Structures are given as C-alpha cells and as structure tokens.
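Notes to accompany the following structure.
Just so you know, ligand 1 is whichever comes first in the structure, and atom 1 is the first atom listed for that ligand. The structure presented is a predicted model; accordingly, all values stated were derived computationally and were not measured. All heavy atoms count here, side chains included; hydrogens, waters and symmetry mates do not.
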Amino acid sequence: MRRAARFVLLLVAGLGLLTCLAYWVLTRTTRDWFNADLRQRAGLAVLSAEQSLVKHWSEGEFGELSTVLTDITRDERVMGAATCAPDGSLVVATGGFPTAFGCRTVFGWMRREGVGLASHGSWTRTTEFPGGPVHVSVVRLGGSAKPLGAVVLLHDLSFLDRREATTRNQVLVAFLVLALAASAITMIVARVAWRGWLEELKRAITGRPTREFRALASDVRDLVDKLSQERENDVRVGGWTPERLRSAMVQHLQGERIVVVANREPYIHEKLEDGTIRVVHPASGLVTALEPVLRACSGVWVAHGSGSADRETVDAHQRVKVPPGEESYSVRRVWLSEVEEAGYYYGFSNEGLWPLCHLAHARPVFRAEDWEQYQRVNQKFADAVCAEVDVEDPIVLVQDYHFALAPRMIRERLPHATILTFWHVPWPNAERFGICPFRTELLEGLLGSSILGFHIRQHCNNFLEAADTFLEARIDRETNAVVQRSRKTLVRPYPISIEWPVHWLDGLPNAAECRKQVIAELGLRADTLLGIGVDRMDYTKGIEERLLAVEELLVRYPEYRGKFVFVQLAAPSRSRIERYKDLNESVGRVAEAINARFGQGDYRPIVLHRAHHEPPKVFRYLRAADVCYVSSLHDGMNLVAKEFIAARDDERGVLVLSQFTGAARELTEALLVNPYDIRQASDALVSALRMPLDEQAERMRAMRALVSHFNVYRWAGRMLVDAAQLRRRERLTGRLRNSVAPAFEGA
Ligand code: F6P
C-alpha cells in the first residue's frame with residue numbers, strides 16, 4: 001500500500017507538470033493565433049475601404065474620411081482608427097482613438113524596428129495600455145512608391161486576458177478531476193490486489209490455497225519451514241563451526257566417513273633443487289573451501305598426485321596423512337600418465353569444458369582423443385573411490401567439471417551410495433551447452449548423483465533446462481529435481497564459502513603492521529595508496545581489464561599518479577595451454593606499457609608478481625591494501641572476494657567486485673562493476689580510494705557478518721543434512737518396497 005501511495009504522489013506530480021506545460025503551450029498558441037487573426041482583419045478592413053479612403057483624403061474631404069473610418073471601427077473589438085500622414089501628423093481620428101497613440105509615437109516604434117511605409121505594407125505590435133493590452137495595426141494607403149499615409153487601427157485585447165483566465169480555470173479543474181480520478185483508481189486497484197493477495201496468503205497458510213497459488217504456497221511453506229528450522233538450530237547450537245559440522249555428521253549420518261573426489265590435491269609435495277621436499281598449498285578456490293571441511297570431518301580426499309615428490313611421500317596404499325603435523329584426514333593419490341593428463345586435464349577439462357562454462361570469449365575445443373582420456377580418467381577415479389569406501393552406502397562428494405562422468409560410474413558400482421556432486425564453475429544455458437558433442441553423456445553422468453549443487457539458482461535452472469532439452473527425463477519443478485529411470489537427482493544452489501575464522505590469519509600481524517611490511521617489501525612510499533588483485537593467471541579473471549582500469553584511473557584522475565600502486569599476484573596456471581600462454585604474455589605487456597606511460601623515478605603504478613604465493617603472503621597483502629579489485633569476466637563464486645573480507649578485521653579497505661561473479665549476489669555492499677566497462681571500473685576504484693573510513697567500516701561490517709554466518713561449514717552442513725534426509729527417505733521407501741513387493745507378486 002505504501003508503494004501505491006508513492007505511486008499516487010508521483011502520478012499527481014507528473015499530472016501537475018503536464019498541466020503547467022499544457023497551459024503554457026495553450027496560451028502561447030492562442031496569443032499567436034489572435035495576433036495573426038487581428039493583423040488579417042485590420043488588413044481586410046482597410047483594403048475594403050481603401051478606395052474611398054484614398055479618394056476622400058486626396059480630395060481633402062475630411063468629413064467623409066472620418067465617416068469611412070468610423071465605419072471600419074464598427075467591430076466591437078476595434079477601439080479606434082486614425083489616418084496619419086507620412087510625416088507623422090494626424091489627419092483624422094475616430095472618437096475612440098486615444099490621444100496617447102499619436103501618429104508620431106507609432107511611426108517612432110516602426111522606425112526603431114527598421115520598418116518604413118515605403119518598404120512595408122503593414123506592421124503590427126501588441127502594447128500595454130492602462131485599460132489592458134492593445135493590438136496596433138498600421139496599414140499603408142496608396143502605392144509603395146509614394147504612399148499617401150497610413151491607417152492606424154487599435155484593437156482592444158483585454159478580452160484575451162479574460163479568455164486566458166477562463167482557460168486557466170478550465171485546465172485547473174480538468175487537472176484536479178484527472179488527479180483525483182487517477183489516485184482513486186490506483187488506490188482501488190492496489191487495495192483490491194492487496195486484499196486478493198492477503199486472502200490468497202491466508203488461504204495458503206490455512207491450507208486452502210487456490211490452484212494458481214498452490215505451487216507458490218508450497219515453496220513459501222518449505223522456505224518458512226527451512227528458515228525456522230535453521231533459525232531454531234542457530235539459536236540452539238549457534239552458527240556453523242567445525243564442531244557443529246562434526247556433530248551434524250554424527251547426528252544425521254552416524255559419523256560416516258566422507259570420501260571426496262577432486263582433481264586438485266590440497267597438499268602438493270614438491271622436490272626442491274637441494275633435494276628437500278616442501279609442501280605447497282595450491283591456488284584453488286576448491287581447495288580453499290573443501291580443505292577445512294575435511295579437517296573438520298575427517299575422511300579421505302581422492303586427487304591427482306601432481307607434485308614432483310608426491311610418490312615419495314605416500315604409503316603403500318598411495319595415501320598420505322594431512323595436514324602435515326595435524327594428520328586429521330588422508331589424501332589418496334591417483335597417478336596419471338602424461339597422455340592421460342594431457343587429454344583429461346589440459347584437453348577436455350580445460351580446453352573444452354572450462355571455456356564452455358565461462359562466458360569469456362574463449363572457443364571451446366572438443367577432441368575425440370581428449371574425450372577418450374576424460375572417460376578413462378573418470379573411471380580410474382571412480383574405481384579409486386570404490387576402493388576407499390568400507391560400507392555399501394558411503395557418502396561421496398564429487399567435485400567439479402573434471403568429473404562429470406564419475407557420479408554414474410560410482411553409482412553403477414555402489415547403487416546405495418549418497419553421491420553429492422558440486423559443480424564449482426557456472427553452468428551455461430542450454431543453447432550454449434548444446435554445442436558440446438558429448439552433452440548427453442555428461443548429463444547422464446551427472447545424473448548418477450543424489451544431489452547436484454551449483455553456486456547459484458541461475459546455474460541450477462540452466463542445468464534443468466539442459467536436461468529437459470537433451471535427455472529423456474522428467475523435470476520435477478516442484479522439488480527442482482530431474483527424474484530419470486525412476487532415479488531422482490535433486491538440483492540445488494549451495495553458495496560456497498570460506499572457513500570462518502580463516503586459520504591462515506592466526507599467525508599474521510594486524511593490518512597496520514601488514515601494511516608496513518608490504519610497503520617496505522615493495523619499496524614504496526609510506527603514504528602509497530595500495531590496490532590488490534589475487535588470481536590464478538586465467539583469462540576468466542579479467543586481469544587485463546583490471547590493469548586497463550588502473551590505467552584509465554591514472555589518465556582521468558592525474559592526482560593519483562605517483563600515489564596509487566596496484567599489486568597483482570598471479571599464480572601460473574594451466575600454462576601448457578596456448579590461450580594461457582598468450583594471456584601470460586599479454587598481461588605482462590599491458591603492465592609494462594602502463595608502467596612506461598606513468599612510471600616516474602622509482603614510481604611504477606603496476607607491480608606484477610607472476611609466481612605461486614603461499615596463503616600467509618596472500619593474506620598479508622589482502623590486509624595491507626586500501627582496495628581489492630576482483631574483476632572476473634565470469635566466475636561461479638570467487639572466494640578471493642570473501643578472503644579479502646575475512647582478512648579485514650580492522651574493518652577497512654574497499655572491495656570492488658565484478659557483477660559477473662556468484663559472490664556479487666551475496667556481497668552487495670561491495671562496489672559492483674561491469675569489468676568490461678573500463679571507465680566505470682576506474683570510477684569505482686577512485687570512489688573506493690576516496691571512501692570515508694566510517695563508510696568503509698559500515699560496508700565491511702555488513703559483509704563480514706554475512707560471510708562469517710554463511711561460511712563453508714554451513715555450505716557443507718546444508719549439503720550433508722539434505723543428503724541425510726534423502727538417505728532416510730530412500731531407506732524408508734526401500735524398506736516399504738521390500739515389504740509390499742511379495743504382496744504384489746502374490747496378487
Ligand atoms: O574455479 C574452478 C576451479 O576448478 C576451482 O575449482 C579450482 O579452484 C580452480 O579452478 C583451480 O584450477 P586448477 O585445479 O586447474 O589449477
């Protein structure tokens with residue numbers, strides 16, 4: 001209703017404006033019409049009497065001349081008429097002709113406008129007179145070569161004012177009537193619609209919704225149930241923590257061990273030149289999110305053993321206990337040959353599926369030989385998973401686009417397994433997905449899952465659309481599921497997040513100290529304004545666009561030259577692929593060009609560090625920065641944005657975030673930009689640099705509250721609780737089916 005009132009106010013204001021405009025146009029037009037009309041009338045009146053006027057005047061018959069003039073002034077609006085000689089002397093005037101209008105006065109006006117009797121046949125003007133406005137017309141008598149003189153006619157215009165007043169009143173009344181009618185109609189419509197909605201809602205709540213409202217009502221009821229359940233739980237046990245996740249596992253899943261299958265391993269053992277082995281934490285959103293979950297729940301992580309010292313560090317079962325020194329879960333390493341890695345990882349996954357799923361203008365390449373390796377490696381991982389489980393209904397978490405076929409392969413061997421698959425990248429719309437020659441196999445593979453998760457609802461919808469378009473399957477819109485051969489796969493959004501608090505921050509100094517360290521490390525001036533970007537070197541991250549936005553900032557806001565420095569930490573990634581090699585080179589070129597253009601003395605606006613950086617360093621830089629720019633051209637979620645927020649316990653620093661990330665749906669207090677719009681992004685960076693501290697704190701507080709609540713334990717917890725529910729239901733229906741089957745058989 002408040003909306004309707006606002007609408008009415010706007011409507012009335014709009015109508016008021018329109019009325020003023022209409023009134024102004026109306027009066028101007030009528031005045032113009034009247035002026036033209038009077039000029040024409042004066043001309044006609046004099047023309048019709050011209051012969052007698054000229055005759056009487058030339059023959060000095062001034063009595064007759066006066067009679068003819070009086071005839072002309074019979075029209076009630078003509079006040080008076082006079083004949084004037086060319087030298088400005090009055091020859092004859094009618095009774096009503098005011099003395100204030102001497103012939104000389106009128107000719108004086110004409111002269112000032114450069115009008116003479118010889119050159120112009122007629123002339124008009126409107127002038128103010130004590131009784132109201134007067135229209136003056138001058139019509140020449142005799143030929144232009146030697147004019148005899150002129151007739152001056154005065155028309156009373158005071159009637160015009162009266163007419164305008166009447167028009168104004170009429171327009172005002174029309175406006176009032178219109179405004180009242182429009183307001184009344186709006187209020188009635190709003191009230192009826194509101195009442196209708198309330199009634200529907202009442203009916204829905206009391207369990208009697210109409211047919212149109214039924215689907216919505218069930219959604220609302222589910223949501224309310226879910227929210228109240230969550231709220232009850234949150235009040236009872238607090239927010240999501242590792243402990244809560246563990247106890248949820250015990251409560252809902254009898255503490256069963258989880259098995260994760262993900263290509264990237266959380267700890268990579270690398271052999272250094274001096275023969276020692278170091279542990280590397282890979283730059284991977286998937287690892288950032290999932291590792292804390294495994295630490296909390298224990299279990300096993302099946303991954304590709306990609307480190308140069310990985311084989312040396314596993315036991316006889318290809319397992320290694322991690323994290324080093326803590327050993328709360330195992331990594332089971334799967335070994336891949338060169339050919340397998342080239343076809344499955346570099347080829348099908350990262351030259352085919354990666355560009356297929358990201359709208360970042362890279363052409364997906366699908367080679368039959370890569371597809372072969374993809375199938376083969378998926379089978380290899382599925383076998384490894386089956387070898388790791390010790391019950392017939394394990395909980396398996398399949399991760400990402402590397403393993404679209406694994407869910408079905410695992411299901412075939414373990415029909416009672418609960419398989420939760422999470423797709424960490426966007427899912428394209430059906431039209432785009434349809435270009436993949438193996439689309440059916442990929443969809444069928446994923447439908448081996450019990451639950452299929454995406455970051456956002458839009459990607460769930462895209463998947464449902466693809467299944468609907470390319471498979472013989474039923475889409476259950478009520479539960480958002482795909483049903484195929486009587487198996488159901490729930491398709492749900494689970495926006496991924498980070499651990500809270502982030503354990504990497506434990507040993508770090510406070511933000512002010514981090515800033516000091518970073519400034520010293522980079523050899524910058526103490527008052528430098530610092531921007532930061534942290535990514536894998538990937539074309540979806542918009543790194544070139546980000547640097548161009550910095551350049552644009554320096555062009556349009558020269559006061560930041562010498563003061564603003566943007567540090568880009570870029571971890572090398574997938575560097576055997578041509579597109580990634582090109583990107584690496586072009587990012588280097590762009591950075592160099594900007595530094596050459598704006599560098600001066602020691603000052604370089606861009607600091608590009610192309611190397612792997614361990615998490616403590618990354619968090620130190622995030623803490624030190626004034627602004628963090630995440631400019632992905634397309635990104636499922638982007639956890640760097642959330643890590644920046646986690647790092648800023650000083651409630652300072654501004655996040656500039658691409659609107660094309662999943663994170664932009666949640667982090668609405670960031671400055672959201674279109675990374676393709678370089679000018680807009682440069683403006684946003686400047687707004688960030690100029691943002692007052694209290695506003696920074698307000699935004700940061702809101703985002704920290706959100707990320708701390710919607711952390712990765714909640715992400716995993718919600719998926720596992722949903723899985724537990726599904727298991728219970730399946731076990732129950734399984735039992736029921738077993739108990740009723742004989743009766744049917746007997747019948
Ligand atoms: O963002 C998609 C993703 O696969 C993540 O899941 C992972 O964090 C990242 O890409 C790393 O890619 P890669 O494992 O190829 O280095």
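Judged by the 6.0 Å distance and 45° axis criteria, Arg311 is positioned over the aromatic ring of Trp335.
The distance between the ring centers of Trp371 and Phe366 does not fall below 6.0 angstrom. Annotation: Phe710 is not in aromatic contact with Trp715 [ring centroid separation under 6.0 Å not met]. Ring centroids of Phe422 and His424 are separated by less than 6.0 Å, placing the two rings close together. In summary, the aromatic rings of His455 and Trp423 are positioned with their centroids too far apart to meet the 6.0 Å limit.
Enumerated by chain and number, the residues approaching ligand 1 to less than 4.0 Å through a heavy atom are Arg264, Ser284, Gly285, Leu286, Tyr345, Trp354, Asp400, Tyr401, His402, His424, Val425, Arg536, Arg574.
With sequence neighbours left out, Tyr494 forms a ring-ring contact (aromatic ring centres under 6.0 Å, His included) with no residue at all.
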